[in-house]
Amino acid sequence: MMTVAMAAASCYASPLSHPANLLVMGPGGYRFIDYLKVGIPLTLMAMALCLWLLPIFWPA
């Protein structure tokens, strides 16, 4: 259950994932590709961290 919750909360590769991302997209001059460039590595790091820490904090 915690894995699904963390996965749902860590979508960084799209400006459509959170309203705040859309608010800064226009005034900041960001494009969709900018979110992909930063979001994909950040999502992979969050996934690795979750795969490592979730079994420690919430063992099955």
Side-chain angles (χ1 to χ4, degrees):
M1 183 170 78
M2 290 305 295
T3 305
V4 172
M6 293 305 293
S10 62
C11 178
Y12 306 114
S14 170
L16 305 175
S17 63
H18 196 273
N21 293 345
L22 285 173
L23 287 173
V24 300
M25 187 175 178
Y30 299 121
R31 295 174 295 143
F32 195 86
I33 194 73
D34 296 329
Y35 286 92
L36 291 176
K37 287 178 184 177
V38 175
I40 290 174
L42 190 58
T43 300
L44 292 174
M45 286 191 300
M47 180 186 73
L49 191 65
C50 285
L51 287 174
W52 177 54
L53 288 177
L54 285 176
I56 295 171
F57 290 121
W58 288 279

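Grouping the Ile, Leu, Val, Met, Phe, Trp and Tyr side chains by contacts below 4.5 angstrom, directly or via other members, places Met2 with Ile56. No continuous path of ILVMFWY side-chain contacts below 4.5 Å connects Leu44 to Trp52, so the two sit in separate hydrophobic clusters. Under a hydrophobic clustering in which Ile, Leu, Val, Met, Phe, Trp and Tyr are joined whenever their side-chain heavy atoms come within less than 4.5 Å, directly or via other members, Ile40 and Tyr35 fall into different clusters.
The distance from atom CZ of Arg31 to atom CG of Leu36, rounded to the nearest 0.5 Å, is 10.5 Å.
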Donor-acceptor pairs under 3.5 angstrom involving side-chain atoms of residues 4-25: please list them, not counting sequence neighbours.
{"unit_1": "Ser10", "atom_1": "OG", "unit_2": "Met6", "atom_2": "O", "d": "2.9"}
{"unit_1": "Ser14", "atom_1": "OG", "unit_2": "Leu16", "atom_2": "N", "d": "3.1"}
{"unit_1": "Ser17", "atom_1": "OG", "unit_2": "Cys11", "atom_2": "O", "d": "3.0"}
{"unit_1": "Ser17", "atom_1": "OG", "unit_2": "Ser14", "atom_2": "O", "d": "2.9"}
{"unit_1": "Ser17", "atom_1": "OG", "unit_2": "Asn21", "atom_2": "ND2", "d": "3.3"}
{"unit_1": "His18", "atom_1": "ND1", "unit_2": "Ala20", "atom_2": "N", "d": "3.1"}

